[in-house]
Amino acid sequence: MKISYQWLKELVALRTTPQELAEKLTMAGLAVDSVEEHGGDFILDFDLTSNRPDALSHFGIAREAAIVCGGRLISPLVELSESSETAESAAGIQIAEPTLCPRYAARLIKGVKVGSSPKWLVDRLEAIGQRSINNIADISNYVMFEMGQPTHAFDLHTLKGRRIIVRRAQPGEILRTLDGVDRTLSPEMLVIADAERAVAVAGVMGGEETEISSATTDVLLESAYFDPDSVRHTSRELGLTTEASYRFERGADFDAAVRAADRASRLIAEIAGGVVLQGVLDEYPAPITRTPVPLREARIERLTGLKVEIERAAEILTALEFRVELLKERYELLALPPSFRIDVSREEDLVEEVARHIGYEKIALTVPEWSGTGAYLAGETIRRGLRRELLSSGFDEAISFSFAAGERDRLFRSSETDTPTITNPIDANETAMRGSLITRLLESIQGNFNKGTKDVKLFEIGRVFGRVAADGRPQERERLALIMTGMAEPGSWREKQQIDFFDLKGAVQSVMQSSNVSGFTIERASVEYLHPGQSAALIKDGRQVAMFGRLHPRIAALYKFRQAVFVAELELGELLETAGHQIRYRGLPRFPASSRDVSALVQDDVSWRDIEETISDLGFGEIESVNVFDVYAGRGIPEGSRSLAFRITYRSQDATLTDEQVNLMQEKVKEALEGRLKIQLR
Amino acid sequence: MEQSLNEIREQFHRDLDAITTAESLVAIRDKYLGRKSGLIAASKKNIGKLGADERAEFGRQVNELSREVETEIERLDVEISARNEEAALLRERVDVTLPGTGASGGHLHPITLVRQRIEDIFVSMGYSVEDGPEIETPFYNFDALNIPPSHPARDSADTFYVSDTLALRTQTSNVQIHTMERQKPPLRVIAPGRVFRRDTPDPTHNPMFFQVEGLNVDRHITMADLKGTLTKFVEMMFGVNLRTRFRPSYFPFTEPSAEVDFSCYVCDGAGCRVCKGTGWIELGGSGMVHPNVLETVGIDPEEFSGFAFGLGIDRMAALMYGIDDIRLLYENDVRFLEQFA
């Protein structure tokens with residue numbers, strides 16, 4: 001909101017510079033964004049909080065300025081001379097909806113000459129960014145920017161029956177507003193009507209047919225108080241915000257209606273000629289009352305740490321136009337808020353009024369005493385550990401929006417098909433709360449490819465959503481996703497290997513290791529969005545807690561990927577619950593180990609796991625480890641087979657094994673492999 | 001025919017000049033010093049032909065020659081080894097200016113970097129990190145926070161809804177309410193997390209961002225504690241000797257309320273590009289927990305008081321790293337991500 005410093009000076013005797021004033025008002029809670037020079041004047045741009053509609057005018061700012069700068073307040077002149085003809089005889093007002101319009105006042109001015117405004121008025125409005133329209137409309141605006149109360153001028157002759165009826169709009173009722181738009185109204189909206197039709201959207205905008213024109217001679221000047229919620233609702237529904245609606249929806253001054261009508265009428269008579277009819281039409285069926293709010297001296301200190309005597313608090317509140325009853329012996333007071341301060345209703349509100357005028361800068365800096373200890377979120381140590389682990393494997397951390405395109409997201413949801421849907425999305429395509437982290441990460445991969453980055457490793461930790469559970473809330477589960485594509489060691493001048501399944505599996509295993517999760521197995525799995533030959537699941541306690549593998553070529557084609565992309569998604573929340581199991585130390589071996597290498601031709605339907613299990617089924621406690629060190633298929637190896645080389649390490653805890661002992665076990669191993677798995681040893 | 005000792009000496013020196021390898025040195029040693037077939041040993045066979053007085057002189061000369069040969073071979077052996085070693089090292093020379101290999105490390109997201117630092121600071125001040133649902137009921141997101149039913153923040157223009165009774169949380173203040181329902185004061189918690197507002201992405205807005213909410217409720221908590229705590233935080237986060245400024249403001253869930261600024265850590269308040277010439281940087285909103293909020297969760301506002309604050313993690317990250325377009329935060333462009341560590 002723009003305030004002219006010169007204009008302000010007519011309402012309060014100021015001796016401060018505009019910059020000082022801006023600083024003082026900012027520190028009193030009326031924030032000034034900027035002070036700019038404007039043709040010998042200064043324009044202060046305020047960014048006011050929504051609880052202070054009373055400050056949305058020059059007089060409103062003057063009230064606060066008078067306190068923070070110590071100047072005298074000068075009220076705008078409202079006295080006027082009236083004709084002998086009464087307003088009552090010329091028009092009538094009826095409020096059909098007193099809850100939506102508690103008060104409606106009007107003044108009638110006859111014999112005006114509509115024309116352009118005098119220069120001072122044009123300049124005033126122009127200084128605060130308002131365009132001059134005609135003298136009557138300009139005066140209405142001027143009074144709003146001066147006193148904060150919106151008024152509206154109707155051409156009295158266009159009002160059918162010379163009557164104002166404040167009522168709800170009829171279903172489908174159409175009104176062409178001042179901006180030339182035909183508005184279809186609904187019964188939730190309050191309108192100003194004449195005997196036949198709506199002539200204005202109450203508190204928002206007037207109608208074109210009843211507006212002031214060059215032919216207008218008689219004016220009905222409206223000055224009302226509308227229910228804030230009603231105006232806000234109507235303004236939102238119509239997508240129409242005006243200076244008037246902005247003030248009414250925050251809460252106007254319910255006592256200002258008549259004063260503002262008088263002020264505007266006086267200026268109209270002065271500038272546009274004409275006579276003001278006798279009396280104000282003022283419908284106010286149930287006057288609004290306020291109750292006094294108590295304030296205890298001790299409460300000020302309890303909340304702010306400031307020691308303020310109750311007399312000083314009384315002074316501040318009195319200056320702010322509260323009606324104060326000081327109960328000195330009880331160190332208390334009762335303050336009746338002025339009609340324009342709709343934001344004050346509890347003791348704490350008064351504490352703030354006192355504190356902001358004493359100055360927040362007077363409040364000391366203390367750090368509260370505390371005997372407890374701080375704590376991170378459960379699992380945070382492990383979460384941070386696995387972040388470090390992934391970082392050292394070259395993964396960058398991604399963070400994506402939690403919503404995504406539903407038809408894509410569904411591709412990556414495991415068992416559930418439903419996630420919550422945003423009913424009012426920004427992008428009509430992105431309405432699904434994600435059921436998988438993969439959806440957005442694939443978009444990120446796509447984005448990186450488009451920017452020419454072909455080697456990408458990303459991970460994300462975040463929540464996915466599921467269907468609404470018994471407690472009425474959608475499930476939220478914490479997951480970790482990995483995605484990798486391109487060169488295993490990008491930028492290396494030596495290693496030229498593309499990322500494959502085993503790089504992904506290694507990353508998954510390192511995550512498990514860094515979280516110290518044990519007791520899981522990795523099995524071949526069938527996952528719809530993964531390549532059927534390169535997909536696996538991590539099973540723990542009989543549950544699939546992670547799925548990983550190469551993106552199915554059919555899905556990759558949807559994204560137009562021309563290189564293999566590998567993805568993994570882990571139920572991080574579940575894993576964190578079992579992570580960090582107690583580590584038990586094992587004694588170091590005291591006797592040397594011997595090892596034997598095996599070179600074998602293995603059919604493709606025999607897995608490495610089969611070989612491991614066949615060996616372990618023999619039950620030799622002396623077998624310490626079985627490690628594969630070469631896998632080869634291709635030239636020299638029959639179709640459907642591959643060559644595996646592995647090393648078996650033998651060790652006893654009790655003695656050094658003899659060659660004969662080792663050979664004997666090695667023979668049994670070979671027999672089992674040849675016999676059970678039909679492996680050809682070489 | 002036997003050679004004279006001088007002839008042997010001359011021949012030895014010629015042989016020596018011709019050799020380059022340690023192996024040929026061994027052959028030379030055998031040729032001259034071999035116990036049986038060596039030239040020096042062979043020359044000794046002639047000793048019988050000499051007279052008794054000449055024998056002693058001949059023996060002395062033979063020994064001298066033997067020592068000479070021995071010494072020379074030794075010297076050359078050392079020389080050749082040194083040369084060989086040098087050559088071997090030279091062969092193993094690499095271009096040390098080529099880039100190092102191995103997977104280069106990844107990078108934490110700037111949001112995580114800032115969030116972890118905030119958590120570390122508050123945990124060190126005795127706060128517990130808490131978490132709550134991202135999809136929330138209007139009760140926890142609005143009602144309990146003293147946001148009236150007609151408040152514009154509830155509008156579908158500002159808040160994402162997934163049903164009439166569930167919205168994407170617009171602030172992590174919902175965690176305040178869950179925590180206060182669960183635990184009784186004294187309470188010290190912070191709640192970092194994702195929040196959602198219906199803003200179309202532009203350089204300074206995103207429909208999703210991260211916020212950290214702080215709450216401290218105890219018997220004698222005042223605004224002075226709020227000021228002291230946030231000033232301490234600013235010092236730990238941005239640098240010592242920074243000043244804070246508390247401006248009266250308005251939030252439905254606090255009363256009194258304050259907007260918090262801190263003196264610009266780049267120009268120390270003189271005015272620069274980072275603080276847009278004002279000397280101050282906005283930190284966030286704060287205030288004393290509204291008595292209606294305390295009453296809603298069954299805490300007596302006469303007995304307990306508390307402060308709360310809300311800080312934008314994205315804004316802080318943008319400030320700290322000079323990010324001028326925050327849409328980059330959620331695009332996961334590797335060229336952006338790899339700038340952070």
Legend entry - Cationic N near anionic O, under 4.0 Å, B:D120 to A:R384: yes
Inset, instruction - Please report the closest heavy-atom contact between B:R335 and A:K451, naming both atoms and the distance. - result: NH2-CD, 2.9 Å
Legend entry - chain B contact via A:R52 - side chain, backbone, both or neither, heavy atoms under 4.5 Å: neither
Inset, instruction - Sort A:L458 into side chain, backbone, both or neither according to what part of it lies under 4.5 angstrom from a heavy atom of chain B. - result: side chain
Legend entry - Heavy-atom contact with chain A under 4.5 Å, split by part of B:I221: both
Legend entry - Contacting region of A:P228 [heavy-atom separation from chain B under 4.5 Å]: neither
Inset, instruction - Salt-bridge test for A:R296 and B:E302: reply yes if a basic N is under 4.0 Å from a carboxylate O, no otherwise. - result: yes
Legend entry - Side-chain ion pair, B:R115 and A:E397, N-O less than 4.0 Å: no
Inset, instruction - Apply salt bridge (Lys or Arg N to Asp or Glu O under 4.0 Å) to the pair B:E303 and A:R302, showing each step before the final yes or no. - result: CA-CA 10 Å; B:E303 187 183 356; A:R302 266 298 295 279; over 6 Å; no
Inset, instruction - Flag the pair A:F401 / B:F196 as yes when their ring centroid distance falls below 6.0 Å, and as no otherwise. - result: no
Inset, instruction - Name the region of A:T431, side chain, backbone, both or neither, that has any atom closer than 4.5 Å to a heavy atom of chain B. - result: neither
Legend entry - A:E301 versus chain B, the contacting section by heavy-atom distance below 4.5 Å: backbone
Inset, instruction - Can you tell which part of A:T453 gets under 4.5 Å to a heavy atom of chain B, answering side chain, backbone, both or neither? - result: side chain
Legend entry - Toward chain B, the part of A:R236 with a non-hydrogen atom under 4.5 Å: side chain
Legend entry - Minimum heavy-atom distance between B:I135 and A:M433, given as atom pair plus value: CD1-CG, 4.1 Å
Inset, instruction - Please flag which part of A:R440 lies under 4.5 Å from any non-hydrogen atom of chain B: side chain, backbone, both or neither. - result: neither
Inset, instruction - Identify which part of A:M487 has an atom lying under 4.5 Å from any heavy atom of chain B, answering side chain, backbone, both or neither. - result: neither
Legend entry - Side-chain ion pair, B:E136 and A:R473, N-O less than 4.0 Å: yes
Inset, instruction - Check whether A:E353 gets within reach of chain B through its side chain, its backbone, both or neither, counting any heavy atom under 4.5 Å. - result: neither
